[in-house]
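Reading through the structure tokens given below for one structure.
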Number of protein chains: 2
Amino acid sequence: MTATPPPPSESAAPASAPVGAPAASAATPAFSPLYQQIKVLMLQSLQSGEWKPSTAIPSEMDLAARFKVSQGTVRKAIDELAAENLLVRRQGKGTFVATHAEHHVQYRFLKLFPDNGDPNSEGPAQRQIIDCKRLRASTDVARALALRQGDAVLQVRRVLSFAKVPTILEDLWLPGTPFKGLTAERLRDYDGPMYALFETEFGVRMVRAEEKIRAVLPDTEQCALLQVNSQTPLLSVERTAYTYNDTPMEMRRGLYLTDTHYYRNTLN
Amino acid sequence: MTATPPPPSESAAPASAPVGAPAASAATPAFSPLYQQIKVLMLQSLQSGEWKPSTAIPSEMDLAARFKVSQGTVRKAIDELAAENLLVRRQGKGTFVATHAEHHVQYRFLKLFPDNGDPNSEGPAQRQIIDCKRLRASTDVARALALRQGDAVLQVRRVLSFAKVPTILEDLWLPGTPFKGLTAERLRDYDGPMYALFETEFGVRMVRAEEKIRAVLPDTEQCALLQVNSQTPLLSVERTAYTYNDTPMEMRRGLYLTDTHYYRNTLN
DNA sequence: TAGTGGTCTAGACCACATA
DNA sequence: ATGTGGTCTAGACCACTAC
């Protein structure tokens, strides 16, 4: 599609139709500011893989030329994408596609912190893959992943330990098709956040997530894996993670031991 | 203080010193963009009470004239304040000081939602003030509120029920000086969020909060107030709330029953 | 020195709300 | 009809990074 900027001030042409809204299927309000339309185009470049994680996107001037709009309009589109953590600006260097890998802050989505001291002092988490198997989606999982019941999914179970203390037990479900070929070995061998592996190996970038948090008691199997007794209250953290376009790509259920750690949240 | 805008392009004057940074006490980098300085000035107007919650602030043009900068610079300052939920823009009407009162979303900081249906379907929470007493700050409370141990604080205890089911037990501590005159009666009589009462009656506006979340089991007193047994796991939500300038103004500890509700969080 | 993003301005026009 | 915030442009200069 072509972006037609509004005519400059001297022109008396009627308001140009919204860019990218072909004269078909009315009924939708179908108005959106230019920079929003630019944003959609940029999202497509991200989604299609034209711009890959950790690489630089074209400069603001280049994008302005490509879309035939002013630099300021491109800038506003980038501003919003940066606010959503899809892009990262670096003055003097360029604008880069955000990534879960090569980031000083590992585990961007993990909100569990130690009571005393900073996350770095306790060192990296030890990760133990318990299981990784292919099965058919249950009703719950199918709904969360926008699949049909019985569709192929992968289920992974793992334990994270801090300072050798088992602290997190996670079960997670992934849609079978995008993650074809994922095995326990590949998970074990990869050194880095799981979401970084998803990016580099499967081209799936997690962009946003919703969590539902409850307090629960563990069943006997969970007790064994976390080495706690059945009277130890745990945080149940149920997460659905999304890629671009709000497409759900992961369902996860974590049990957090919160006697020496806490889940941190900031309210604005 | 006066804001001196940088000279227009034709002038060859050296870069003007940062506005509002008098030629004293160097050593600080002491550079900040114009719009950041404007933002600081606007924060002062909010903090001083010149602009009160739910009222309109001067228009962008007026502010531009007052600070002697362009409308675009004021706009960028307002953009940031709006992103921080301190201001609310309403097209065609003006820009307003955000408030906890008269808001379609009551309880802006409460992240507990019912499992089935929307928050509105279960109707408003029933609130029961158990206690409101004046006492001396313990070590923990003093640290959280940036007071000295032994300073006067108010302690409030209350229970929130949804559909007549006790669901939240809260203890909260407030610094004695700003909240002088707060009593159980005034809390009971006020119909609306507690933070709205703090705004209108005490001029204290909560702007931001940090929460630490854990899973715990209740003690016998808590069991009685929430009408649960001692084996019911509960969410412990420890909150510190801040006014302008990151000044802590409330410490709160909530116990949430999460069998029919969940704590929702969104990750970006 | 060149290129990038960051700031600032000035002015035009649009969309929305109110009178 | 007027005033508000929202969008868009065009151009200048600054700050940071690399070569």
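Because the structure is predicted, anything quoted here is derived from the model rather than measured.
Residue A:Ser70 places no side-chain N or O under 4.0 Å from the OP1 or OP2 atom of D:dA10. Applying the 4.0 Å criterion to OP1 and OP2 of D:dT4, one finds that B:Arg90 has every side-chain N and O outside that range. Close to C:dG3, at under 4.0 Å from its OP1 or OP2, lies no side-chain N or O of A:Lys93.
In this structure, CD1 of B:Ile38 is placed 13 Å from C1' of C:dT9, rounded to the nearest angstrom. The CD-C1' distance, from A:Gln71 to C:dT7, rounds to 11 Å in whole Å. In this structure, the CZ atom of B:Arg89 is 18 Å from the P atom of C:dA15, given to the nearest Å. Regarding A:Leu63, its CG atom lies at a distance of 11 Å from the P atom of C:dT4, rounded to whole Å. If you take CD of A:Gln37 and P of C:dC14, they are 16 Å apart, rounded to a whole angstrom. The interatomic distance linking B:Phe67 (CZ) with C:dC8 (C1') rounds to 16 Å, in whole Å. Atom NZ in B:Lys68 sits about 17 Å away from atom P in C:dC8, given to the nearest Å.
Ionic pairing of A:Asp79 and A:Lys39 is not present here: no N-O contact between side-chain nitrogen and carboxylate oxygen is shorter than 4.0 angstrom.
With sequence neighbours left out, the salt bridge (charged side-chain N to carboxylate O under 4.0 Å, His left out) criterion links A:Arg208 to A:Glu210, A:Asp246. B:Glu60 is linked by a salt bridge (charged side-chain N to carboxylate O under 4.0 Å, His left out) to B:Arg75, B:Arg89, counting only residues two or more places apart in sequence or in another chain. By the side-chain hydrogen bond (donor to acceptor under 3.5 Å, both in side chains) test, B:Asn268 is found to be paired with no residue, residues two or more places apart in sequence or in another chain being considered. With sequence neighbours left out, the salt bridge (charged side-chain N to carboxylate O under 4.0 Å, His left out) criterion links B:Arg264 to no other residue.
Atom CD1 of residue B:Ile78 and atom OG1 of residue B:Thr73 lie 11.0 Å apart, to the nearest 0.5 angstrom.
Proximity of residues 53-62 of chain A to DNA chain C (heavy atom under 4.0 angstrom from any strand atom) is restricted to A:Ser59, A:Glu60. DNA chain D lies under 4.0 Å from at least one heavy atom of each of the following residues of residues 72-84 of chain A: A:Thr73, A:Lys76.
Cation-pi geometry between B:Arg108 and B:Tyr195 is not met at under 6.0 angstrom from the ring centre and within 45 degrees of the axis.
Put simply, the side chain of A:Ile57 reaches to within 4.5 Å of the side chain of A:Met42, judged on heavy atoms. Residues A:Leu86 and A:Val97 form no side-chain contact, since every pair of their non-hydrogen atoms from C-beta on lies 4.5 Å or further apart.
Across D:dT9, C:dA15, C:dC8, the shortest atom-to-atom separation from the side chain of B:Gln91 is found for C:dA15. Comparing D:dT7, C:dG5, D:dT9 by their nearest atom to the side chain of A:Val69 picks out D:dT9.
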